[in-house]
There are 2 protein chains.
Amino acid sequence: MKPRITLKKIAKEFDVSISTVSKALKNSNEISEELREKIKAFADYYQYKPNSLALQLRNQKTSVIGVIIPEIVHHFFSTVIDGIEEYANAKGYNVMVCLSNESFEKEVTNISVLTNGSVDGLIVSLARGTQQKNDYHHFEALIKDDFPLVLFDRVHDSLACDKVIIDDVGGGFKGANHLMDMGRQNIALITTQDFVTVGALRKIGYRKALHKAGMEIDEDLIYKIDDKQDLYGQIEKVFTGPKPPDAILAVNEIYAAIAMKIARERGLRIPEDIAVIGFTSGLISEFTTPPLTSVVQHGFLMGQQAAELLINRIEHIAPKEPKTEVISADLNVRASTCIKTSK
Amino acid sequence: MKPRITLKKIAKEFDVSISTVSKALKNSNEISEELREKIKAFADYYQYKPNSLALQLRNQKTSVIGVIIPEIVHHFFSTVIDGIEEYANAKGYNVMVCLSNESFEKEVTNISVLTNGSVDGLIVSLARGTQQKNDYHHFEALIKDDFPLVLFDRVHDSLACDKVIIDDVGGGFKGANHLMDMGRQNIALITTQDFVTVGALRKIGYRKALHKAGMEIDEDLIYKIDDKQDLYGQIEKVFTGPKPPDAILAVNEIYAAIAMKIARERGLRIPEDIAVIGFTSGLISEFTTPPLTSVVQHGFLMGQQAAELLINRIEHIAPKEPKTEVISADLNVRASTCIKTSK
DNA sequence: GTTTTTTACGAAAACGTTGGCGTAGATTGA
DNA sequence: TCAATCTACGCCAACGTTTTCGTAAAAAAC
């Protein structure tokens, strides 16, 4: 690679000092117009661009924000990044993405690498491994040093930093409520294992809805899926269990899509015999048969909010107390729960 | 934010010089063991980590690779990034992602920003706007300066740099071939507008397959979709056109899924009355009814290859001549073309 | 003709790090 | 006792930039 042109090289070319060149390029009238124009023309010709590392070092500011997500091959997280990028770029920041791959160790090293001066702040969604291990010392260290940090989606209560979360309880509530509005009585819940916060929260919403409606909660209708095992086999049990449900609330799109597939294989009509709701994260819901009613999570908005919180923190235009933004989850009613909408 | 601890502060603490501290932390035996241990303990306690900006500036190496993609909310690009991350991290590099949002201008500024010293090399997939404008001067400038650059998926022939492409011609060929193997005679092609390279290449494959089979190409069966218009309406014309097809080859998952939806609405049985093939980019294909036969694009592999080419280039373990890696596209046969596979 | 002001530039520090080189003082050898 | 050798550290340059301050020479003022 050709070495980039620097102030020093320009200075040597004109036999002036580095500071003269710097000032000339900044159009300082400390420098005679004649020399100024010559230097500018030369710099222009050789496409001089200030080395950003040097600037970052000098200004003690990188204008880069780091993002650590569990995985990127996931529509929801991609959408959040999109939102972060949009807001951050508008504010003159760049985005550096790292993946934890759901691993505690990788999350720790990522944080260590990124906080070595390369970013002004961090936006993170917790790795599953971290939630399982329940070890947050790497975040606590950051918080203790007042390092700008925003957690989103997968957060942890004990951490005193800015957060953006989706109203998962509300989402579960809305989903279950909708099913009851459609006259369903036996609503199965297909959720994750307990340590996955979002699953747990959506379950709370489900319980709240049933409770409010005066229905009792049948634990046999709650199925906890292990993502590492065979999904198909686990979800099949929903249909072979003691109490066959007339509706299913699944905490994500995949579970819901698989449930529909199995239901159809077993000759059940959707939504007549069984209604299904998922939580949207990708495009699957739109293209299933029938299209899947889903709780939509506004990932883009979430990303924007997270970026806004972080940049406010970085630029000290935020109060000291950590703030938590809640993004409401809305229901997108499609044909899997509601015959008339089956356009 | 609390200021980070630096060599200078440690030096002041022990009333020694900065270089002494630096050497002590590097375990240099130039420094007495006693002092060395004291300094290390102190640094450890205060969690000293070398400022990476300073290191990057000094070493003239960032160990960061920049990635510019048109959009991230796209399963294929996410998968590629995943592959890049995997390989890059293993080699000690970090990844900085920027989005061009398909815009020429944003691509230009992104490149300008990233090549100001913040990254050692660039992996890029061309923005649609760039392909449309057919203006590649920003890349030509990089190539002229021997800046490490790898183009992937959406590339341009005139650019003399490393590339990783998918065998789109082969993919189109395999898809069309499979449909002919299933006995189909009137294969419609739903593709993009001509300036979108991948669409154009897949069309070539389609033509090659038909030609090889001695079938003539009916231009009325080729539909070019404008992504900015109503997809549904445009794809509907495939069915209302002069020659109703008995098979459809769509150049992406969405077109294929929409085509299937319309086909079913019109009472056509899949695959009996009409077979459909798409190009996988996300998870849609798995969950449509019936599951969609697709040409799979190995995005992860592509990312790994791109990262490998780039890092070899950065570390000068690559021959001068640019190299192009071709990733083969394979067919994943599902029920939308083949009754017996409908498990 | 002397002083003051202005013009036009240079020197140097600072951001944080590393590594070659220099060297004071202690130790060793003869 | 003097030289040679170590030991253990400090100095300085370098990476590229910005900015404050200092200062020659020229211009203006008296």
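Note that the coordinates shown come from a computational prediction; the quantities given were computed from them, not determined experimentally. Proteins get letters first, then strands, A, B, ... in listed order; numbering begins at 1 in each. Every heavy atom of this structure was used, including side-chain atoms; hydrogens, water molecules and symmetry mates were not.
One can place CZ of Phe14(A) at 15 Å from C1' of dC9(C), the figure rounded to the nearest angstrom. Rounded to whole Å, atom P of dG16(C) lies 13 Å from atom CG of Asn116(A). Spacing between atom CD of Gln56(A) and atom C1' of dG16(D) amounts to 12 Å, rounded to whole angstrom units. Protein atom CG of Asp120(B) is 17 Å distant from nucleotide atom P of dC15(D), rounded to whole Å. Per the geometry, NZ belonging to Lys61(A) stands 19 Å off C1' belonging to dG16(C), to the nearest Å. To the nearest angstrom, C1' of dG16(C) lies 12 Å from CZ of Arg4(B). Rounded to an integer number of Å, the gap from Ile10(B) CD1 to dG16(C) P is 12 Å. Rounded to a whole Å, the CD atom of Glu34(B) is 16 Å from the P atom of dT7(D).
Between Phe76(B) and His74(B), the ring-plane angle classifies as perpendicular under the 30° and 60° cut-offs.
With hydrogens and angles ignored, the 3.5 Å screen pairs no side-chain donor or acceptor of Asp145(A) with any backbone N or O of Lys2(B).
The side chain of Gln60(A) contributes an N or O atom lying less than 4.0 Å from OP1 or OP2 of dG16(C).
Nucleic acid contact for Leu35(A): sugar-phosphate only, since backbone atoms but no base atoms lie under 4.0 Å from a heavy atom of the residue.
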Show me the donor-acceptor pairs, under 3.5 Å and distance only, between side chains in residues 22-31 of chain B and residues at least two apart or in other chains.
residue  : atom : partner  : partner atom : Å
Asn27(B) : OD1  : Arg36(B) : NH1          : 3.4
Asn27(B) : OD1  : Lys40(B) : NZ           : 3.4
Ser28(B) : OG   : Glu30(B) : N            : 3.0

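Pairs of residues two or more places apart, or lying in two chains, that qualify as side-chain hydrogen bond (donor to acceptor under 3.5 Å, both in side chains) and include a residue from residues 300-313 of chain B are Asp162(B)-Arg313(B).
With respect to Val124(B), the side-chain contact (heavy atoms from CB on, under 4.5 Å) criterion is satisfied by exactly one of Leu149(B), Asn110(B), Val67(B), Ile69(B): Leu149(B).
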Report, one pair per line, the protein and nucleotides 17-21 of chain D atoms (nitrogen or oxygen only) whose separation is under 3.5 Å.
residue : atom : partner  : partner atom : Å
dT17(D) : OP1  : Tyr48(A) : OH           : 2.5
dT17(D) : OP1  : Asn51(A) : N            : 3.2
dT17(D) : OP2  : Leu7(A)  : N            : 2.7
dT17(D) : O5'  : Tyr48(A) : OH           : 3.3
dT17(D) : O2   : Arg58(A) : NE           : 3.3
dT18(D) : OP1  : Lys26(A) : NZ           : 3.0
dT18(D) : OP2  : Ser22(A) : OG           : 3.1
dT18(D) : O4'  : Arg58(A) : NE           : 3.3
dT18(D) : O2   : Arg58(A) : NE           : 3.0
dT18(D) : O2   : Arg58(A) : NH2          : 2.2
dT20(D) : O4   : Lys23(A) : NZ           : 3.3

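For the pair Lys38(A) and Glu33(A), the salt-bridge criterion is not met [side-chain N within less than 4.0 Å of a carboxylate O].
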